[in-house]
Amino acid sequence: MKEKAVYRKNDMVTVTIEDVGMDGEGIGKADGYTLFIKDAVIGDLVEAKIMKAKKNYAYARLEKVLKPSPFRVKPLCDYARVCGGCQLQAVSYEEQLHFKERKIFRDLVHIGGFSKEEIEKVMEPVVGMEKPFYYRNKAQYPVGANKEGKLIAGFYAGRTHSIIANTDCKLGLTINGRILEAVLSFMERNHVTAYDETLHKGLVRHVLIRCGFATKEIMVCPVINGKAFPKAKEFIDGLLQIDLKEKGEDWKITSICISSNTKDTNVIMGDGFEVLYGKGYITDYIGDVAFRISPLSFYQVNPLQTKKLYEIALDYADLSGNETVWDLYCGIGTISLFLARKAGKVYGVEIIPQAIENARENAVINQIENVEFFVGKAEEVLPEKYEKEQIKADVIVVDPPRKGCDEKCLNTIVRMQPERIVYVSCDPATLARDLKYLRQNGYELRRVRGVDQFGQTVHVEVACCLQREDKANP
Ligand code: SAH
């Protein structure tokens, strides 16, 4: 057997990239080693420098692309490589979708224990975006000063806290740039300082911009290390004068708020906010359901794809109008309200009290009365309601955070014996783990579909439908 080479730091290797890792990095094999190479694209032949070598694998830095992959494209953003936000901008969008589909497929097989044939039978093609750029409705730009002391806004360079000036992120609206320039020029004129996190001094920490894609309403909310914002009137007037026409669309700033965050922390927003102009929220729609979005509300960042995702969830739920439906991990009630029109009764459960307040308000503004929301952990509220009040479930929808569902939650779901379970997931690995449990407890996986919510990034969103087995095979 050929003896395995020993790699050391700074060694150069030439390798073909055969796979894509969890963070979008290229993976190649050389001399029995697995090499992880950031910025290398599947199909590339590259020269890379070893940065850190372990027994069986090594991290290497891309030095030169010797032969570019057919999937390689020129990133739209000049900062794609230094920025931590987009891991896949150098990969064609079509191949990004393949990557996401492969990830779902593999996790279901390797972690979920399904056979390839089973997954091939139930998996539908991933739903891609029509325009995989300019899709985000929320941007949070850190504000700081460069070496010359000039005020800048931009983003943190990958895994660091140093700000790179760039007000033109290609995932958000281009008008964000005009708003940021206006904020910075107001600050320069009025000697308003930027926050310096190493000294915990200075005023403006971040600028949050949120927009309602359906209503064209925009909210601007500086986050400040202090209680008051100087010359608020001049600040407001400056913002309202900005020309916000873009590609034939007329956007309008309808809300200007300030959030005070005086803590020495990485958390961006403060605990509350003050309204300087307009209302303390903007409105947006997903389908025909209206949502009020305050500076602090959680709201899906890609409303166009979210609508597609929810339509799939609704289709999978297959409601006839009388069902009792549970929406676990409901956030501000987006899925609950979307389902309510087709269900008899919807119960939503969510751990964050403010989100439930928003959910209740959203039910009121949409005049949806057949929903009820509970604050608490899904794994605690669901068993309690089931055991003490015998509330039943025909369909249960879950949309948990990355870590997936607590086993106690899954166990209660199984005991409640809903006819169908719709699982919406942002992490195929924990999804696969949970599907394995549900399958071992009498549920058959009927449909699986990825929906790309975050083009240019490695994030993957999936919807699945499971059917109770006695119903599946009567
Ligand atoms: N379904 C919503 C939100 C999904 S994000 C939407 O589509 O907008 C996942 C949500 O689960 C978050 O709002 C988070 O606060 C909530 N959460 C996290 N752990 C939870 C738990 N143990 N029980 C209930 N909710 C939880």
Side-chain angles (χ1 to χ4, degrees), residues 127 136-138 210 212-214 267 269 283-287 289-294 296-317 325-340 343 346-363 366 368 371-386 393 395-413 421-428 430-431 433-434 449-454 459-464:
V127 181
R136 281 184 64 99
N137 60 8
K138 172 179 168 183
R210 305 191 83 156
F213 276 45
V267 175
M269 300 302 296
T283 304
D284 195 28
Y285 286 82
I286 296 180
V289 185
F291 293 96
R292 278 188 188 165
I293 308 153
S294 86
L296 302 179
S297 315
F298 171 85
Y299 184 63
Q300 297 281 354
V301 297
N302 183 343
L304 295 181
Q305 290 301 100
T306 297
K307 177 165 179 273
K308 294 183 195 168
L309 177 69
Y310 291 176
E311 274 163 358
I312 291 170
L314 189 63
D315 177 34
Y316 286 3
V325 182
W326 284 80
D327 176 21
L328 307 178
Y329 313 88
C330 70
I332 57 164
T334 22
I335 298 181
S336 323
L337 298 176
F338 212 74
L339 296 170
V346 179
Y347 296 101
V349 184
E350 159 65 44
I351 199 169
I352 297 177
Q354 294 91 322
I356 288 292
E357 266 172 49
N358 290 152
R360 291 184 181 135
E361 277 166 23
N362 289 327
N366 288 288
I368 295 176
V371 290
E372 197 174 330
F373 293 104
F374 304 112
V375 180
K377 291 185 180 170
E379 60 272 25
E380 289 172 5
V381 174
L382 192 67
E384 196 184 300
K385 294 286 165 193
Y386 173 57
V395 176
I396 297 184
V397 179
V398 299
D399 182 9
R402 283 203 165 159
K403 66 174 194 251
C405 295
D406 191 283
E407 195 168 314
K408 208 168 149 214
C409 176
L410 293 176
N411 175 273
T412 313
I413 292 176
I421 302 168
V422 178
Y423 197 133
V424 178
S425 160
C426 55
D427 186 336
T430 56
L431 167 75
R433 178 201 67 200
D434 291 351
R449 187 155 204 184
V451 177
D452 188 25
Q453 297 260 60
F454 310 105
H459 300 294
V460 186
E461 198 86 14
V462 202
C464 300

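Because the structure is predicted, anything quoted here is derived from the model rather than measured. Whatever order the structure lists ligands and atoms in, that order sets their numbers, starting from 1.
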Report task. Any chance you could lay out the side chain to side chain contact (heavy atoms under 4.5 Å, CB included) test for V349 and Y329, step after step, and finish with the verdict? Result -> CA-CA 6 Å; V349 184; Y329 313 88; over 6 Å; no
Report task. Determine, step by step, whether Y299 and N137 satisfy the side-chain hydrogen bond (donor to acceptor under 3.5 Å, both in side chains) criterion, reporting the C-alpha distance in whole Å, the side-chain angles of both residues, the deciding distance to 0.1 Å, and the verdict. Result -> CA-CA 9 Å; Y299 184 63; N137 60 8; 5.2 Å; no
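Residue-level proximity to ligand 1 for F338 is absent, since no heavy atom of it falls below 4.0 angstrom. Contacts of T334 with ligand 1, taken as heavy-atom pairs under 4.0 Å, involve the side chain alone. Contact annotation for C330 and ligand 1: only backbone heavy atoms (N, CA, C, O) come within less than 4.0 Å of the ligand.
Note: no N/O pair closer than 3.5 Å links K403 and ligand 1 by distance alone. Between F298 and ligand 1, no pair of N/O atoms sits closer than 3.5 Å. For ligand 1, none of its N or O atoms has an N or O atom of P401 under 3.5 Å away. Residue K377 has no nitrogen or oxygen atom sitting less than 3.5 Å from a nitrogen or oxygen atom of ligand 1, judged on distance alone.
Annotation: side chain of Q453 is in contact with side chain of T306 (closest heavy-atom distance under 4.5 Å). Contact check for R449 versus E461: no side-chain heavy atoms found under the 4.5 Å cut-off.
Atom 22 (N) of ligand 1 has as its closest protein heavy atom E379 OE1, 3.1 Å. Regarding atom 17 (N) of ligand 1, its nearest protein heavy-atom neighbour is I351 CG2, 3.6 Å. Given atom 9 (C) of ligand 1, the protein heavy atom at minimum distance is D399 O, 3.4 Å. Atom 21 (C) of ligand 1 has as its closest protein heavy atom Y329 CE2, 3.6 Å. Closest to atom 15 (O) of ligand 1 among all protein heavy atoms lies E350 OE2, 2.7 Å. For atom 23 (N) of ligand 1, the nearest non-hydrogen atom of the protein is A378 N, 2.8 Å. Here the protein heavy atom with the shortest distance to atom 7 (O) of ligand 1 is Y310 OH, 2.5 Å.
For E372, the salt bridge (Lys or Arg N to Asp or Glu O under 4.0 Å) partners two or more places apart in sequence, or in a different chain, are K345. R292 meets the side-chain contact (heavy atoms from CB on, under 4.5 Å) test with Y281, T283, N362, I365; sequence neighbours excluded.
Results of the side-chain contact (heavy atoms from CB on, under 4.5 Å) test with C330 over I356, I335, V398, V346 single out I356 as the only residue that passes. The side-chain hydrogen bond (donor to acceptor under 3.5 Å, both in side chains) with Y310 is formed by just one residue from the set D399, T334, D315; it is T334.
Between the side chains of D327 and Y347, no donor-acceptor pair is found at a separation under 3.5 Å.
Listed for the E350 side chain is a donor-acceptor partner under 3.5 Å among the backbone atoms of I352.
Using a 4.0 angstrom heavy-atom cutoff, S336 does not count as in contact with ligand 1. Ligand 1 lies out of reach of Y299, whose nearest heavy atom is not under 4.0 Å from it.
Annotation for ligand 1: atoms under 4.0 Å from non-hydrogen atoms of I352 are 15 (O). Remark: ligand 1 atoms within the under-4.0 Å shell around heavy atoms of G376 are 23 (N), 24 (C).
Nearest heavy-atom pair, L328 versus C409, reported as atom, atom and distance to 0.1 Å: CD1-SG, 3.8 Å.
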